[in-house]
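In what follows, a structure is listed as structure tokens, so that the remarks can point back to it.
All ligand and atom numbering here is 1-based and tracks the order in the structure.
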Amino acid sequence: MEWGIANGFFLAVILVLTVFWAKFKGDIGELAVTYKLKDLDKEKYRIIHDIKLKNMGGSTSTTQIDHIVISTYGIFVIETKSYKGKIYGKEKSRTWTQYLSNQKNSFMNPIFQNYAHIRAIESILEDSYPEMTYHSIIAFSGGANLDAIEVTKAKVCKIRYVSEAIKDLSTEEVIGKEDIGKIIEIVEKNKSHQTDLTHTREIKKVKKENEEKIKDNICPKCGGNLVEKEGKYGKFIGCSNFPKCRFVLSQKKKS
Ligand SMILES: [Zn+2]
């Protein structure tokens with residue numbers, strides 16, 4: 001084999017392995033963000049990928065964070081979403097909706113999800129950095145149409161604009177350069193060593209427990225009773241503790 005061909009072959013193998021690895025990790029979007037974050041100035045922005053931290057007040061013991069960018073402008077917490085189609089979402093709605101040509105799906109509001117990540121980071125830094133600024137970024141893959149999303153407190157963008165989004169939000173320096181390393185040290189020290197498998201099992205267990213509760217008409221969020229209610233769009237099942245608890249059983253798809 002000629003050197004050029006051997007080289008090309010070698011690169012192709014690396015590429016295939018990398019793609020497989022990313023798929024195996026469950027999200028190719030994460031890899032794309034990792035690639036895009038390389039545009040950032042390494043002196044100013046330090047990055048931690050795919051880390052698990054202790055979950056504060058959540059139903060699972062750890063929370064998995066896709067990317068954390070630590071800079072003098074504060075801490076950027078990035079959640080990636082691989083959804084195509086038109087996305088509808090509001091700041092405070094429990095779920096967002098994805099419209100594809102022949103179906104619609106709802107998914108958990110990623111701002112809430114990322115807020116849990118921010119809480120987890122905040123809780124380990126609050127002793128040393130109680131005044132830290134946190135920026136929430138939700139990065140969607142290329143096939144998503146984000147025109148209908150109405151949010152102000154988080155940045156929702158395409159993965160390819162993630163480093164621009166970070167630069168746009170880099171307006172005010174809140175810590176010194178020397179703090180960046182200290183923060184990374186604290187975060188690394190608080191890393192959870194729970195394996196991916198245990199984490200997945202735990203998520204499954206919680207999901208199953210919630211399903212059992214719902215079967216018994218118990219609200220999985222607060223333990224209240226689930227009752228039938230009359231809403232704008234017809235009957236639905238919700239928590240009797242409304243408005244304290246806003247749990248609503250998601251509409252069953254017509255079969
Ligand atoms: Zn409830």
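- Residues Gln98 and Phe107 form a side-chain contact, since some pair of their non-hydrogen atoms from C-beta on lies under 4.5 Å apart.
- Within a 6.0 Å sphere centred on CD of Glu43, other residues, nucleotides and ligands contribute 12 heavy atoms or fewer.
- Annotation: side-chain contact (heavy atoms from CB on, under 4.5 Å) contacts of Leu197 (sequence neighbours excluded): Thr195, Arg201.
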Please list every donor-acceptor pair under 3.5 Å in which a side-chain atom of residues 141-152 meets a protein atom from a residue at least two apart or in another chain.
unit_1	atom_1	unit_2	atom_2	d
Ser141	OG	Tyr83	N	3.4
Asn145	OD1	Asp147	N	2.9
Thr152	OG1	Glu91	OE1	3.0

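- Between the side chains of Ser93 and Tyr88, not a single donor N or O lies within less than 3.5 Å of an accepting N or O.
- Within a radius of less than 2.8 Å around the Zn ion (ligand 1), the protein N, O or S atoms are Cys219 SG, Cys222 SG, Cys239 SG, Cys245 SG.
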Ignoring hydrogens and angles, write down the donor-acceptor pairs under 3.5 Å from the side chains of residues 238-247, residues two or more places apart or on other chains.
unit_1	atom_1	unit_2	atom_2	d
Ser240	OG	Asn225	N	3.3
Ser240	OG	Asn225	O	3.0

